[in-house]
S.K.: 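Pasting a structure here, questions to come.
Whatever order the structure lists them in is the order used to number ligands and atoms, beginning at 1. Sequential numbering from 1 along the given sequence is applied to the chain's residues.
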Amino acid sequence: AKGDIFRGLEVVEHACSTTSLQMGETTAGVAGSTDVHSYRLPLGVCAGIAPFNFPAMIPLWMFPMGMVTGNTYVLKPSERVPLTAMRLAELAMEAGLPDGVLNIIHGTHDAVNFICDEPAIRAISFVGGDAAGKHIYSRASANGKRVQANLGAQNHAVVLEDAEPDATLKALVAAGFGAAGQRCMAISRVVLVGRAREMLPPLVEMAKRLTLGPGHVPGVDVPPLNSPEAKERVERLVASGIAQGASAPLNGAGQAVDGYPDGNWVGPTVLTDVTPEMECYKNEIFGPVLQVLHADTLDEAIALINANPYGNGTAIFTRSGAAARKFTHEVDVGQVGINLPIPVPLPMFSFTGSRGSILGDHNFYGKGAVTFYTQWKTVTSNWKPAGGDTALSMSMPTM
Ligand code: NAD
């Protein structure tokens, strides 16, 4: 939760520094006495629709950039975490935000459809799952709105034989099981290349030592899932993987935590011998599950990732600069980590997930957000000196 707030505040800080990114363009003297200048204007009212998993950071990806570019904003937080957005709005007002600039509406489908249909709303930022994102993108686009939609993900880490073992194992365990895997940049697939498969037993051992429990208790590593439905989905997909031939050297189904009988507990789970045809591989699990696949070569690992429909994030662990460079250039994923597992860019860059992980043309924060939340106006002006040529000309002006 502290990371959620800190990474969100980085975007606020970035939003406060975008003045030069908002500057226009000028060319003087394009023809006799004629100058052209372009400048960015706000769109008017913009809206954000957020998921549950980062209750502060993802709203903070949205309204600060929308507001510093001159728009007013309507934010719909996830119905599962409605209070954090209210606190953010209180703090923004305490900091001097005028009444009416940031507006929060709560709800689920009706609230979302209102945002998609309301003519005054000109642009929508969405982050969440595929079903909602595709619905919002098509409904709002049909109404003439701009939409940027960050969708689901299945992020692979590739481990080469020369990877530094201890740091790699810690990175995989943290990125796979931290926040119980409920992060769009979580590592959910590990591809062990060649002899790197020897890392499987220590990976399982390290995962076994993690402590499941309530997230506010010091020393807890893996918190509960967000809803009974999420627990059911994770357990169902793990069971389907086992039924389809995967093995589970560690299975966190059916765990209990003292004092919390109603928690949505799923312990760290490692599925091995997973293949791309399995249901557990084809679906986003969004839980504390690492699926392990094997490849004989780096080329095979890259082909596997490129055949996956999503492009949110990926990582490679190696001590070879040449292998890392080859991976970076050949993998068709928008955010790449080298020896680090969750390459979420700082906000002066944009969040650049690709392929099935995004709909729309402009990325969140950074230059992409300034483009998304503004429109251009271009002015061509002619200030002839007094007494200049005023002859009537019916031809297309060229000079
Ligand atoms: P979700 O899609 O269930 O909900 C997101 C928002 O859409 C919520 O505000 C919800 O009220 C609304 N919504 C949900 N279903 C809807 C429907 N059928 N019609 C209209 N509105 C609907 O997502 P979630 O479970 O809150 O969050 C987890 C998902 O978000 C995962 O798929 C994760 O990968 C994704 N995510 C992606 C990124 C990214 O940047 N790519 C970041 C964080 C989370």
Side-chain angles (χ1 to χ4, degrees), residues 3-4 7-8 11 47-63 74-85 104-117 124-140 147-155 175 178-189 225-234 237 264 282-287 289 308-314 333-335 342-345 347 349-360 362-366 368-369:
D4 175 43
R7 295 300 302 258
V11 185
I49 300 169
F52 79 85
N53 67 327
F54 289 107
M57 181 182 78
I58 291 179
L60 290 170
W61 285 5
M62 297 172 169
F63 72 81
V74 177
L75 174 68
K76 194 207 82 68
S78 165
E79 63 279 12
R80 289 185 260 162
V81 288
L83 293 180
T84 311
I104 299 194
I105 61 173
H106 292 288
T108 56
H109 298 193
D110 287 348
V112 164
N113 289 337
F114 160 75
I115 289 173
C116 293
D117 296 343
I124 301 174
S125 295
F126 168 83
V127 178
D130 291 2
K134 287 178 182 170
H135 166 74
I136 290 164
Y137 185 82
S138 54
R139 186 160 176 157
V147 185
Q148 54 174 191
N150 274 7
L151 310 177
Q154 298 176 3
N155 307 310
Q182 299 168 107
R183 296 194 278 220
C184 67
M185 290 290 276
I187 291 294
S188 56
R189 317 300 198 255
L225 293 174
N226 179 262
S227 66
E229 295 76 28
K231 175 177 152 82
E232 186 279 323
R233 181 192 64 242
V234 172
L237 286 170
N264 306 308
K282 286 197 271 187
N283 287 279
E284 183 182 29
I285 283 200
F286 221 58
V289 181
N308 187 281
Y310 293 98
N312 218 35
T314 188
V333 173
Q335 303 179 104
I342 302 192
V344 176
F349 301 91
S350 292
F351 189 96
T352 56
S354 64
R355 295 198 285 140
S357 296
I358 184 170
L359 285 172
H362 301 297
N363 298 116
F364 279 79
Y365 54 79

S.K.: Write out the residue and atom name of the closest protein heavy atom to atom 35 (C) of ligand 1, then the distance separating them to 0.1 Å.
M.R.: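 Ranking protein heavy atoms by distance from atom 35 (C) of ligand 1, first comes Gly128 O, 3.2 Å.
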S.K.: For atom 1 (P) of ligand 1, what's the nearest protein heavy atom and its distance?
M.R.: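 For this ligand atom, the closest protein heavy atom is Gly129 N, 3.8 Å.
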S.K.: Starting from atom 32 (O) of ligand 1, which protein heavy atom do you reach first, and at what distance in Å?
M.R.: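 Checking every protein heavy atom, the shortest distance to atom 32 (O) of ligand 1 gives Glu284 OE1, 2.7 Å.
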S.K.: Is the closest side-chain heavy-atom distance between Phe126 and Leu151 below 4.5 Å?
M.R.: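 Yes, at least one pair of side-chain atoms sits under 4.5 Å.
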S.K.: Looking only at protein heavy atoms, which one is nearest to atom 40 (O) of ligand 1, and how far off is it?
M.R.: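 For this ligand atom, the closest protein heavy atom is Asn150 ND2, 3.1 Å.
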S.K.: Tell me the protein heavy atom at minimum distance from atom 13 (N) of ligand 1, and give that distance in Å.
M.R.: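 For this ligand atom, the closest protein heavy atom is Ala132 CB, 3.6 Å.
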S.K.: Which atom names give the shortest non-hydrogen contact between Ile104 and Ala85, and what distance separates them?
M.R.: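 Between these two residues, the closest heavy atoms are CD1-O, 3.3 Å.
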S.K.: Holding to salt bridge (Lys or Arg N to Asp or Glu O under 4.0 Å), I want the full list of residues that pass it with Lys134, two or more places apart in sequence or in another chain.
M.R.: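 Lys134 satisfies salt bridge (Lys or Arg N to Asp or Glu O under 4.0 Å) with no residue once adjacent residues are dropped.
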S.K.: What atoms in ligand 1 come closer than 4.0 Å to a heavy atom of Cys184?
M.R.: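 In order of numbering, the contacting atoms are 34 (O), 36 (N), 37 (C), 38 (C), 39 (C), 40 (O), 42 (C), 43 (C), 44 (C).
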S.K.: Quick check: do Met62 and Phe364 have side-chain heavy atoms less than 4.5 Å from each other?
M.R.: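 In contact.
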S.K.: What protein heavy atom is closest to atom 28 (C) of ligand 1, reported as residue, atom name and distance in Å?
M.R.: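 The closest one turns out to be Phe286 CE2, 3.6 Å.
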S.K.: Give the atom numbers and elements of ligand 1 that come within less than 4.0 Å of a heavy atom of Val112.
M.R.: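 Those of ligand 1 that fall under 4.0 Å from Val112 are 20 (C), 21 (N).
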S.K.: With a heavy-atom distance limit of 4.0 Å, tell me whether Met185 approaches ligand 1 through its side chain, its backbone, both, or neither.
M.R.: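 Within the 4.0 Å criterion, Met185 makes no contact with ligand 1.
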S.K.: At less than 4.0 angstrom from any non-hydrogen atom of Phe351, what atoms of ligand 1 do you find?
M.R.: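 Near Phe351, meaning under 4.0 Å from one of its heavy atoms, ligand 1 has 40 (O).
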S.K.: Against heavy atoms of Trp61, which atoms of ligand 1 measure under 4.0 Å?
M.R.: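 Heavy-atom distances to Trp61 below 4.0 Å select 40 (O).
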S.K.: Note the single closest protein heavy atom to atom 24 (P) of ligand 1, along with its residue, its atom name and the distance in Å.
M.R.: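 Closest protein heavy atom to atom 24 (P) of ligand 1: Phe52 CD2, 3.6 Å.
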S.K.: Given 3.5 Å as the limit, does a donor-acceptor pair link the side chain of Asn363 with the main chain of Gly368, or not?
M.R.: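 Absent.
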S.K.: Please answer whether the main-chain N or O of Val333 pairs with a side-chain N or O of Arg355 as donor and acceptor at a distance below 3.5 Å.
M.R.: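 A pair under 3.5 Å: no.
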S.K.: With no hydrogens and no angle check, is any side-chain donor or acceptor of Glu284 less than 3.5 Å from a backbone partner on Gln154?
M.R.: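 No, the answer is negative, given that no donor and acceptor are paired below the 3.5 Å cut-off.
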S.K.: Could you tell me the residue and atom name of the protein heavy atom closest to atom 41 (N) of ligand 1, and the distance to it rounded to 0.1 Å?
M.R.: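 Sorting protein heavy atoms by distance from atom 41 (N) of ligand 1 puts Leu151 O, 2.8 Å first.
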S.K.: Any idea which atoms of ligand 1 are less than 4.0 Å away from a heavy-atom of Pro51?
M.R.: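 Here the atoms of ligand 1 in question are 5 (C), 24 (P), 26 (O), 27 (O).
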S.K.: Are the side chains of Val147 and Leu359 in contact, using a 4.5 Å heavy-atom criterion?
M.R.: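 Side chain of Leu359 against side chain of Val147, heavy atoms only: no contact under 4.5 Å found.
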S.K.: Hey, does Asn226 have a side-chain heavy atom less than 4.5 Å from the side chain of Asn53?
M.R.: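 Side-chain contact under 4.5 Å: no.
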S.K.: Return yes when Phe126 approaches ligand 1 closer than 4.0 angstrom through a heavy atom, no otherwise.
M.R.: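 Yes, Phe126 has heavy atoms under 4.0 Å from ligand 1.
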S.K.: Could you tell me whether some N/O pair between Arg80 and ligand 1 is separated by less than 3.5 angstrom?
M.R.: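 By distance alone, the answer is yes.
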S.K.: Which atoms from ligand 1 have a heavy atom of Asn312 less than 4.0 Å away?
M.R.: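 Close to Asn312: 41 (N).
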S.K.: Taking 4.0 angstrom as the limit and counting only heavy atoms of Ala50, give me the atoms of ligand 1 inside it, by number and element.
M.R.: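 Every atom of ligand 1 under 4.0 Å from some heavy atom of Ala50: 5 (C), 6 (C), 8 (C), 9 (O).
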S.K.: Please check atom 18 (N) of ligand 1 for a protein heavy-atom neighbour under 4.0 Å.
M.R.: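 It does: a protein heavy atom is found less than 4.0 Å away from atom 18 (N) of ligand 1.
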S.K.: Within a strict 4.5 Å, meaning less than it, do heavy atoms of the Ile358 and Asn150 side chains meet?
M.R.: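 When only atoms from C-beta onward are counted, Asn150 and Ile358 do touch, with a gap below 4.5 Å.
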S.K.: Could you tell me how the ring of Phe351 sits relative to the ring of Trp61: parallel (under 30°), tilted (30 to 60°) or perpendicular (over 60°)?
M.R.: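 The rings of Phe351 and Trp61 sit tilted, inter-plane angle from 30° to 60°.
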S.K.: Do any nitrogen or oxygen atoms of Lys76 come within less than 3.5 Å of a nitrogen or oxygen of ligand 1?
M.R.: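 In this structure, Lys76 places an N or O atom under 3.5 Å from an N or O of ligand 1.
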S.K.: Tell me if a side-chain donor or acceptor on Ser350 pairs with a main-chain N or O of Thr352 at a distance below 3.5 Å.
M.R.: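 Not a single qualifying donor-acceptor pair exists.
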S.K.: Could you pull out the closest heavy-atom pair between Phe286 and Leu225, with the gap in Å?
M.R.: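 So the two residues come closest at O-CD2, 4.1 Å.
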S.K.: Using distance alone, determine whether Glu79 and ligand 1 share an N or O pair under 3.5 Å.
M.R.: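 There is such a contact, yes.
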S.K.: Heavy-atom contacts with Ile58 under 4.0 Å: which atoms of ligand 1 show up? List them by number with element.
M.R.: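 Per the distance check, 42 (C), 43 (C).
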